[in-house]
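Following: one structure in structure tokens, then a few remarks.
A, B, ... follow the sequence lines: proteins, then strands. Residue 1 opens every chain.
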There are 2 protein chains.
Amino acid sequence: MAHNKNNKPPGRVTLRHVAKESGVSVATVSYVLNDTGSVGDKVKEQVRSAINRLGYTPNLSAQAIRTGRTKTIGIIIPDLKNPFFPELAQSVESAARDSGFAVFLIDTQESAEAEAEGVYTFIKHGVEGIVWCPSSEKDCFKKYAGTIPVVVIDRPLPNYDTVYSDYNKGGKLLAEYLLSEGHRKIGLISGPQTIESAAQRRKGFLEEIGTQAEIIWEVENPFSIKLCPEAVSELKKQDVSVIVAGNDMIAIGAIKILNQLKINVPDSVSVVGFDDVPWSDIVHPPLTTIRQPLSELGKEAVNLLLRRIDNLNASKKTVILDVQLVVRDSVFSLK
Amino acid sequence: MAHNKNNKPPGRVTLRHVAKESGVSVATVSYVLNDTGSVGDKVKEQVRSAINRLGYTPNLSAQAIRTGRTKTIGIIIPDLKNPFFPELAQSVESAARDSGFAVFLIDTQESAEAEAEGVYTFIKHGVEGIVWCPSSEKDCFKKYAGTIPVVVIDRPLPNYDTVYSDYNKGGKLLAEYLLSEGHRKIGLISGPQTIESAAQRRKGFLEEIGTQAEIIWEVENPFSIKLCPEAVSELKKQDVSVIVAGNDMIAIGAIKILNQLKINVPDSVSVVGFDDVPWSDIVHPPLTTIRQPLSELGKEAVNLLLRRIDNLNASKKTVILDVQLVVRDSVFSLK
DNA sequence: TATAATATTTGAAACAATTTAACAGTGTTA
DNA sequence: TAACACTGTTAAATTGTTTCAAATATTATA
């Protein structure tokens with residue numbers, strides 16, 4: 001009974017256990033694991049078999065202390081319920097995993113305090129870098145400026161690597177398309193103009209429209225499916241041939257209201273969105289919109305982050321990804 | 001020049017730096033941080049000020065080695081693009097955060113290998129427990145059975161704590177409602193019957209229907225918006241007054257097909273779903289369905305997990321959460 | 001066969017934190 | 001004044017891993 005080789009040692013199996021089991025030193029086991037140093041073939045085999053037998057798993061916390069690297073990154077998401085973010089999170093996680101990094105996730109639910117707290121948590125856990133989708137205007141990294149690699153998604157910020165979509169071009173593509181379909185009277189429900197991405201798509205759109213069509217009315221609305229009363233009352237006027245929404249959420253909100261008002265989309269009025277969220281081809285009518293390359297965005301963010309992890313003093317880099325027009329059934333052709 | 005007190009030490013600030021800066025020993029600093037031991041008030045103040053001055057952040061990796069606790073858990077999600085999961089992930093993360101745990105996320109994209117790999121990654125990082133939304137039939141924890149706390153969401157499994165919704169009752173609620181609205185000829189597009197949650201909702205539904213209505217046809221379909229050809233051909237027959245879908249995705253897929261066939265929903269045929277995904281009140285017509293308490297599910301999962309982290313040998317526990325009928329506009333009343 | 005050159009293997013020192021036992025001071029009490 | 005209980009502090013041990021330098025074993029060369 002005293003002789004129980006097969007019993008797993010209590011607690012976690014460590015290098016030391018493996019060393020004892022295979023009759024070599026701890027250092028040798030480490031060399032085998034990392035394929036460093038020079039270890040004889042038979043010893044290698046012994047060690048490997050002991051590892052399997054005992055079910056040894058490296059302790060990354062200990063590694064982290066020794067090497068200074070945790071092989072983890074963090075991602076800060078404003079709200080997973082917003083259909084814009086799941087795909088982003090997915091692609092960040094997947095790209096990080098491909099590079100051997102595990103991902104901490106924090107969903108701030110749009111709270112600036114949660115953002116700041118989250119950053120602190122990440123740093124305590126020693127993340128090597130952070131992908132940040134900002135929700136508030138606050139820069140929650142001020143305290144750590146230049147200390148930890150950060151990549152911002154969706155917003156150009158002076159002190160950070162950034163990746164976002166070519167919103168300006170997206171606006172232009174929409175304008176071009178609507179003009180080509182004969183639309184000349186336009187209603188605008190823009191997103192909040194304090195948000196850079198909303199401002200850029202509006203700017204691009206207006207530039208391309210120029211004097212070729214008329215903006216009959218314009219209201220600002222949060223990036224939400226709920227429309228403000230002003231927007232609703234503009235919709236009632238029926239004095240435009242197309243409604244250009246700041247994003248798909250707003251567009252879907254507008255369609256819902258129009259349905260309630262028994263105004264047919266797109267026969268009586270057309271609607272376009274922006275983002276191509278997964279819902280946009282499920283709603284009725286399927287939405288004509290601008291596709292952002294969400295998963296590219298995530299991948300690219302991880303690229304930038306790895307680059308900066310590699311060299312904290314690398315020059316600042318901004319990546320702008322191409323967008324494309326997705327034509328579905330929410331625009332009526334007036335030609 | 002040699003005297004540069006204000007220079008941040010290179011690399012990360014450690015307890016040792018703080019100790020030197022405030023002129024006490026490392027242990028004293030630790031006592032101040034953890035509020036253990038007995039430390040004089042003035043010393044406490046000195047130490048606190050040094051901490052702020054240097055911007056010290058505890059190193060959780062080091063803590064983990066010493067204490068054996070990482071204060072992290074992992075969550076395994078099959079696919080964030082599936083609208084069922086983001087809210088779940090959100091609530092798990094939020095509940096975990098409330099209990100002082102950080103959350104590692106892995107999105108397996110429905111791959112069994114990714115699942116197994118993910119578990120290994122989690123264990124390497126020393127997570128104290130794992131919330132598992134299984135995608136495959138495989139039990140990726142076999143190797144670690146009884147070693148690490150695991151809570152399964154959405155599927156009763158013999159060896160794990162589990163939390164899921166009362167699918168059986170959901171099925172009954174739907175049946176009851178449809179009967180009360182006068183429906184007597186039913187088409188069923190069930191989810192995969194190998195999946196427990198799909199089987200249970202079907203069972204509950206059929207039990208409640210009993211002999212009060214007739215199941216004209218039934219096909220099995222993956223939990224996806226894409227319908228199999230058999231399902232499509234059944235839809236064409238127009239021999240039922242309501243289509244009962246295995247979940248909202250299937251229901252939305254059916255609505256799309258019916259739209260294409262110019263069959264009006266709900267005037268010509270009614271449709272009901274299951275899950276109440278965020279899309280379900282955006283599609284046209286808004287879907288009558290069964291609401292699962294997604295965020296409760298997440299919270300409860302974390303509860304179970306913490307319980308088991310506290311005591312690995314606790315008795316197995318299953319939590320079944322209540323569901324409720326959400327009546328919208330996709331069912332026509334035949335009374 | 002002895003020696004040099006190379007190939008393996010090992011012990012011990014880090015790494016950043018927590019914990020323990022021990023120690024020097026003070027103050028109280030017999 | 002010795003004995004005792006406190007308080008505040010410290011040095012040393014511990015955790016799992018990597019890595020350096022030293023020690024040992026093996027092979028090749030003279």
Without placing hydrogens or testing angles, list every side-chain donor-acceptor pair under 3.5 Å for residues 29-42 of chain A, not counting sequence neighbours.
none

Respond yes when some side-chain nitrogen or oxygen of A:Ser25 is under 4.0 Å from OP1 or OP2 of C:dG11, and no when none is.
no
Compare side-chain N and O positions of A:Thr28 against OP1 and OP2 of C:dT9 and report whether any pair is under 4.0 Å apart.
no
Identify which nucleotide among D:dT9, C:dT19, D:dT19 has an atom closest to any side-chain atom of A:Arg66, counting heavy atoms from C-beta outward.
D:dT19
For B:Val43 and A:Thr36, take the nucleotide of DNA chain D holding the closest heavy atom to each; which residue's nucleotide lies nearer the 5' end?
B:Val43
Do NZ/NE/NH1/NH2 and the carboxylate oxygens of B:Glu115 and B:Lys138 come within less than 4.0 Å?
no
note: A:Lys71, atom NZ; D:dT18, atom C1'; distance rounded to Å ~ 16 Å
Residues A:Asp161 and A:Lys316 bridged, charged N to O under 4.0 Å:
no
Can you tell me if A:Thr14 uses its side chain to pair, donor with acceptor, with the backbone of A:Arg16 under 3.5 Å?
yes
Where the side chain of A:Val24 is concerned, which of C:dT10, C:dT19, D:dT10 is the nearest nucleotide?
C:dT10
B:Lys42 NZ - D:dT9 C1' separation (whole Å):
12 Å
note: B:Glu45, atom CD; D:dG8, atom C1'; distance rounded to Å ~ 17 Å
Using atom CG of A:Leu15 as one end and atom P of C:dT10 as the other, report the distance to the nearest whole Å.
13 Å
Ring centres under 6.0 angstrom apart (B:His125, B:Phe104)
yes
D:dT9, D:dT17, C:dA16: which one has an atom nearest the side-chain heavy atoms of A:Val26?
D:dT17
Five-pair end axes of the helix from C:dT1-D:dA30 to C:dA30-D:dT1 and the angle they enclose, rounded to 10°:
70°
Grab the CG-P distance between A:Asp35 and D:dT18 for me, whole Å please.
13 Å
Integer-rounded Å distance: D:dT9 P and B:Gln46 CD:
8 Å
Please report the distance, rounded to the nearest Å, between CG in B:Asn59 and C1' in C:dC15.
9 Å
Of the options D:dT18, C:dT9, D:dG16, whose atoms approach the side-chain atoms of B:Ile65 most closely?
D:dG16
Just distance, no hydrogens or angles: give the donor-acceptor pairs under 3.5 Å from side chains in residues 73-86 of chain A, sequence neighbours left out.
| residue | atom | partner | partner atom | Å |
| --- | --- | --- | --- | --- |
| A:Asp79 | OD1 | A:Lys81 | N | 3.0 |
| A:Asp79 | OD1 | B:Gln90 | NE2 | 2.8 |
| A:Asn82 | OD1 | A:Phe84 | N | 3.0 |

Nearest-nucleotide pick for A:Ala27, side chain only, options being C:dA16, C:dG11, C:dT18
C:dG11
Is the closest basic N to carboxylate O distance between A:Glu128 and A:Lys71 below 4.0 Å?
no
Which of C:dA17, C:dT19, C:dT10 is nearest the side chain of B:Tyr56? It is C:dA17
d(CD, A:Gln63; C1', D:dT19) in whole Å:
13 Å
Does any donor atom in the side chain of B:Ser25 or B:Thr28 lie under 3.5 Å from an acceptor atom in the other side chain?
yes
Taking donor-acceptor contacts at under 3.5 Å, does the side chain of B:Tyr31 reach the base of D:dT7?
no
Among the candidates C:dA17, D:dT9, C:dG11, find the nucleotide nearest to the side-chain atoms of B:Val39.
D:dT9
When we call it a touch if two heavy atoms are under 4.0 Å apart, what does A:Thr14 touch: a base, just sugar-phosphate, or nothing?
sugar-phosphate
Measure from the side chain of B:Arg16, starting at C-beta and using heavy atoms only, and say which of D:dG16, C:dA16, C:dT18 lies closest.
C:dA16
Just checking A:Ser38: base, sugar-phosphate only, or nothing, at a heavy-atom cut-off of under 4.0 Å?
base
